[in-house]
Structures are given as C-alpha cells and as structure tokens.
Amino acid sequence: MSKKPALPRHIAIIMDGNGRWAKSRFMPRVEGHRKGVLALERVVKHAAERGIAALTVFAFSSENWRRPAAEVTALMKLFAAGLDRWEQPLADAGVRLRVIGDRTAFSETLNAAIDRTEAATAAGRSMQFNIAANYGGRWDMLQAAQAAAAAGELTLEGIEKRLCARDDGPVDLMIRTGGERRISNFLLWQAAYSELYFTDTLWPDFDGASLDDAIDWYVGRERRFGMTSEQVTSIG
C-alpha cells in the first residue's frame, strides 16, 4: 500500500470569488470583500486548531492595482481595519502574522498597522500566518535572485533563503476557491511540488469544513517527488 501524506505543514490559499459572490446577490463588490475578511478569520482560526504550521493567503497581487481605483481604496481600508481587529486575537492564539510582498506602494498608515500587528504577534508559535499583499511570485524570485547574486550566493539554496516566505518551507497544499484552475503567479518557487486543490466554492462561503475537505483530499494523495509509486511504497 502506498504511503499517504500526513497533514500538510504549509497551506497556501488563493482567495477568489469575492466579487462574484457580491454580484450574484446584487451587492457592491466591496460587500463581497467584507464577507471575504470574515471567511479569512474563520479559516485562520480553524487552521490553527487543526495544527497547521504555516498558512499563506493571497490577499492582493501586484496585478490587482489594475482594478478600479475605488475598489483598490476599499481593499486597502479593509486590510488596515482587519489588522487592527486581528492584532489581539492572533496574539492570544499564539499566531504569528507576517505580511509578505513589496510594501513600498502602501500608505504610511497601512505600513504602520502592519508593523504594529507583526510586532504584537511576533512571539506566536502555534502557527505562522502570512498575508501576501502587493505580491507576485516572479517578483519574489527576482528580488531573491538579485539579493543572492549581490551576496555571491547565486545558488538554489542562496535564492531560497531570500524568498519572502523563506522560513515556512515548501507549500504542501495550494487551494484556490472560486472555480478558476490556475495559480496566478502565487508562491511559484514554493509551490513547485505542491498538491493543487481547486473548488467552485466562492471565498466568502469557504469555512472550516471546506478547509477540512481540502485537507482530507490532500491526505489521500500519493506524493512521489519524481519517484515511482513502487519506490514511495518501499520507503513508506
């Protein structure tokens, strides 16, 4: 019998479908984003309770600046408000938060909120929670390669240790909600051998049970990493 994987150590989620969720209910798109924030709170809590070591979510890509200005402004306000609201609950739960991506485009107010929440949760050890904002996988690899080259360490290891989520290891399970079947420039290096789980569930409707479904699917997979099934079985 083939060896089945244990719980995923690092889960990444592309949170897609907020706008469509709102549109289907004849609501402004921002209402979908507000509901999406609540879904994120549920999922972070459940992931920590399940014993997941690291959770990385795609909140805002470097391409999302192309969206209507009013929507981008609303997203930035929701982000800042969420950080303020999550600071104490995350700290109490032992969840360490880090925002990964290019923060130079954010306002001073938002950067200050990020700094406060990261500092307040820095001692957390139960789960690492990464929010990817103004993030792109190709940008991440480029900045890591440039830093590695400048240090004279242009090797796989030299690049890997300079990636944004460098302390969390490879992504074991990548989830995308909303029905699309692509990874949209998210954690390209870390997702090289991840299991890809796609669901039609729109992000505002995603909850702990939805996460359990994805984890159960993952546990049923055979992870071979270039080996044959027979080799994996013999190792197991």
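Remember, predicted model here, so these are calculated numbers, not experimental data. The first residue of the sequence shown is numbered 1, and numbering continues consecutively from there.
The cluster map of Ile, Leu, Val, Met, Phe, Trp and Tyr, joined by side-chain heavy atoms under 4.5 Å apart, puts Leu75 and Met27 in different clusters. Cluster membership for Leu187 and Leu196, using ILVMFWY side-chain heavy atoms within less than 4.5 angstrom, is shared. Taking hydrophobic clusters as Ile, Leu, Val, Met, Phe, Trp and Tyr residues chained together by side-chain heavy-atom distances below 4.5 Å, Val219 shares a cluster with Ile11. Under the 4.5 Å side-chain heavy-atom criterion for grouping Ile, Leu, Val, Met, Phe, Trp and Tyr, Val43 is connected to Trp217 within one hydrophobic cluster. Under a hydrophobic-cluster definition in which Ile, Leu, Val, Met, Phe, Trp and Tyr are linked whenever side-chain heavy atoms come within less than 4.5 Å, directly or via other members, Met141 and Leu154 are assigned to the same cluster.
Scanning both residues, Arg166 and Lys161, for their nearest heavy atoms gives CD-O, 2.7 Å. Residue Leu163 comes nearest to Ala144 through the heavy atom pair CD2-CB, 3.8 Å, listed as atom of the first residue, atom of the second, then distance. Scanning both residues, Ile131 and Ala59, for their nearest heavy atoms gives CG2-CB, 3.6 Å. Nearest approach of Gly178 to Arg20, heavy atoms of both residues: O-NH1, 2.6 Å. The minimum heavy-atom distance linking Tyr218 with Ala6 is given by the pair CE2-O, 3.0 Å. Closest of all the heavy-atom pairs between Pro28 and Ala22 is O-CB, 3.2 Å.
Under the rule for a salt bridge (Lys or Arg N to Asp or Glu O under 4.0 Å), Arg9 has no partner lying at least two apart in sequence or in another chain. Under the rule for a ring pair (Phe, Tyr, Trp, His ring centres under 6.0 Å), Phe129 has no partner lying at least two apart in sequence or in another chain. Qualifying side chain to side chain contact (heavy atoms under 4.5 Å, CB included) partners for Ala105, counting only residues two or more places apart in sequence or in other chains: Trp65, Asn134.
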Practice task
Go through the steps to decide whether Val44 and Val57 satisfy the test side chain to side chain contact (heavy atoms under 4.5 Å, CB included), and finish with yes or no.
Solution key: CA-CA 10 Å; Val44 170; Val57 300; 5.8 Å; no

Handout entry: Leu40 vs Met15, side chain to side chain contact (heavy atoms under 4.5 Å, CB included): CA-CA, chis, key distance, verdict
Key = CA-CA 9 Å; Leu40 178 56; Met15 306 179 293; 3.9 Å; yes

Practice task
Please report the C-alpha distance between Arg29 and Arg67 in whole Å, then the side-chain angles of each, then the deciding distance to 0.1 Å, and finally whether the side chain to side chain contact (heavy atoms under 4.5 Å, CB included) criterion is met.
Solution key: CA-CA 12 Å; Arg29 287 177 60 87; Arg67 293 190 174 188; 3.6 Å; yes

Exercise for the section: Verify salt bridge (charged side-chain N to carboxylate O under 4.0 Å, His left out) between Asp172 and Arg221, making sure each step is shown before the conclusion. Expected result: CA-CA 11 Å; Asp172 297 306; Arg221 298 289 296 164; over 6 Å; no

Exercise for the section: List the steps and the verdict of salt bridge (charged side-chain N to carboxylate O under 4.0 Å, His left out) for Glu41 and Arg85. Expected result: CA-CA 10 Å; Glu41 292 173 0; Arg85 187 170 70 252; 2.4 Å; yes

Practice task
Give the C-alpha distance, both sets of side-chain angles, the deciding distance and a yes or no for salt bridge (charged side-chain N to carboxylate O under 4.0 Å, His left out) between Arg98 and Asp168.
Solution key: CA-CA 11 Å; Arg98 180 173 59 222; Asp168 305 313; 2.7 Å; yes

Problem - Worked verdict on Asp207 versus Lys45 for salt bridge (charged side-chain N to carboxylate O under 4.0 Å, His left out) - result: CA-CA 10 Å; Asp207 56 16; Lys45 182 175 184 293; over 6 Å; no

Practice task
Assess whether side chain to side chain contact (heavy atoms under 4.5 Å, CB included) is satisfied between Gln190 and Asp140, documenting all intermediate values.
Solution key: CA-CA 11 Å; Gln190 298 90 333; Asp140 193 8; 3.9 Å; yes

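The number of heavy atoms from other shown groups lying within 6.0 Å of CZ (Arg181) is above 12.
A donor-acceptor pair under 3.5 Å is formed between the side chain of Asn64 and the backbone N or O of Ser61. For Arg103 (side chain) and Gly101 (main-chain N/O), no donor-acceptor pair under 3.5 Å exists by modelled atom type. Side chain of Asn185 to main chain of Arg138: a donor-acceptor pair is present (N/O by atom type, distance under 3.5 Å, no hydrogens or angles). Checked by atom type and distance alone, the side chain of Thr117 never pairs as donor or acceptor with a backbone atom of Glu87 at under 3.5 Å.
Of the inter-residue distances, the one linking Glu71 atom CD with His33 atom NE2 reads 3.5 Å to the nearest 0.5 angstrom. The structure places CZ of Arg176 at 12.0 Å from CG of Asp200, a figure rounded to the nearest 0.5 Å. For the atom pair Thr155 OG1 and Glu160 CD, the distance stands at 9.5 Å (nearest 0.5 Å). Expressed to the nearest 0.5 Å, how far OG1 of Thr56 lies from CD1 of Ile13 amounts to 9.5 Å. Atom CD1 in Ile159 sits 10.5 Å away from atom CD in Glu153 (nearest 0.5 Å). In this structure, CZ in Phe186 is found 6.0 Å from CZ in Phe58, a value given to the nearest 0.5 Å.
Between the side chains of Trp21 and Asp205, a donor-acceptor pair is found at a separation under 3.5 Å.
Residues Ile114 and Leu97 form no side-chain contact, since every pair of their non-hydrogen atoms from C-beta on lies 4.5 Å or further apart. Side-chain contact check for Trp86 versus Val95: every heavy-atom pair is 4.5 Å or farther apart. Contact of the Tyr135 side chain with the Cys164 side chain is registered, since non-hydrogen atoms from C-beta on lie closer than 4.5 Å. Contact annotation: the side chain of Ile52 approaches that of Ile215 to within less than 4.5 Å [non-hydrogen atoms, C-beta and beyond]. The shortest side-chain heavy-atom distance between Leu78 and Arg34 falls under the 4.5 Å cut-off. Between Arg50 and Leu7 there is a side-chain heavy-atom pair separated by less than 4.5 Å. Residues Arg182 and Ile14 fail the side-chain proximity criterion, which asks for heavy atoms closer than 4.5 Å.
Ring planes of Phe206 and Trp203: parallel class, angle under 30° (limits at 30 and 60°).
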